[in-house]
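See structure below.
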Amino acid sequence: MDLFVANINKTVREDALRALFEEFGNVSSVKILTDKYTGESKGYGFVGMSNENHGLDAIKKLSNVEFFGRKLVVNKAKPKTTAY
DNA sequence: CCTGAGCGA
């Protein structure tokens with residue numbers, strides 16, 4: 001399942017985010033939306049977890065917890081909206 | 001920047 005993680009501090013990189021979620025289960029993929037031009041993080045990203053239960057658990061455990069000074073907002077991700 | 005790509009900041 002894909003997790004949607006918002007309100008991430010811009011100093012947080014994918015590695016840090018992965019490590020954070022690895023604590024609750026196997027992370028299959030990590031994607032932080034970094035602005036391509038400025039190189040800055042957009043402040044949110046996605047974490048793919050192999051196990052659904054672990055994903056839901058991570059949501060409960062990491063939601064609204066402080067990470068690098070910001071309260072994390074974790075939720076299930078919607079299927080990618082390749083807006084057309 | 002609370003829903004991911006590249007094409008224009």
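Numbered from 1 within each chain, the chains take letters A, B, ... in sequence-line order.
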Is there a path of hydrophobic side-chain contacts, each under 4.5 Å between heavy atoms of I/L/V/M/F/W/Y residues, joining A/Y44 to A/V12? no
Can you run down the salt bridge (Lys or Arg N to Asp or Glu O under 4.0 Å) pairs that involve residues 23-46 of chain A, sequence neighbours left out, and say none if there aren't any? none
Hey, can you pull the residues of residues 32-50 of chain A with a non-hydrogen atom under 4.0 angstrom from DNA chain B? A/L33, A/D35, A/K36, A/Y37, A/K42, A/Y44, A/F46
Positions of residues 52-77 of chain A (non-hydrogen atom under 4.0 Å from DNA chain B), listed by number: A/V73, A/K76, A/A77
Remaining members of A/V73's ILVMFWY cluster at a side-chain heavy-atom cut-off under 4.5 Å? none
Closest non-hydrogen atom pair between A/L3 and A/A77, with its separation: C-CB, 4.0 Å
Mind running a 4.0 Å heavy-atom check of residues 5-25 of chain A against DNA chain B and sending the residues that fall below it, in number order? A/A6, A/K10
Can you name the residues that form a ring pair (Phe, Tyr, Trp, His ring centres under 6.0 Å) with A/F24, not counting sequence neighbours? none
Sequence neighbours excluded, which residues qualify as side-chain hydrogen bond (donor to acceptor under 3.5 Å, both in side chains) partners of A/K71? A/E66
Across all chains, not counting sequence neighbours, the ring pair (Phe, Tyr, Trp, His ring centres under 6.0 Å) partners of A/F67 are none
Name each donor-acceptor pair under 3.5 Å that joins a side chain in residues 49-61 of chain A to protein atoms two or more places apart or in another chain, with its distance.
unit_1	atom_1	unit_2	atom_2	d
A/S50	OG	A/N26	O	3.4
A/N51	OD1	A/N53	N	2.7
A/N51	OD1	A/H54	N	3.1
A/D57	OD1	A/K61	NZ	2.8
A/D57	OD2	A/K61	NZ	3.2

Who passes side-chain hydrogen bond (donor to acceptor under 3.5 Å, both in side chains) against A/R13, sequence neighbours left out? none
Taking distance alone, no hydrogens or angles, what donor-acceptor pairs closer than 3.5 Å link side-chain atoms of residues 15-22 of chain A to residues at least two apart or in another chain?
unit_1	atom_1	unit_2	atom_2	d
A/R18	NH1	A/E22	OE2	3.4
A/R18	NH1	A/V27	O	3.2

Given the P atoms of B/dG4 and B/dG8, what is the spacing between them in whole Å? 15 Å
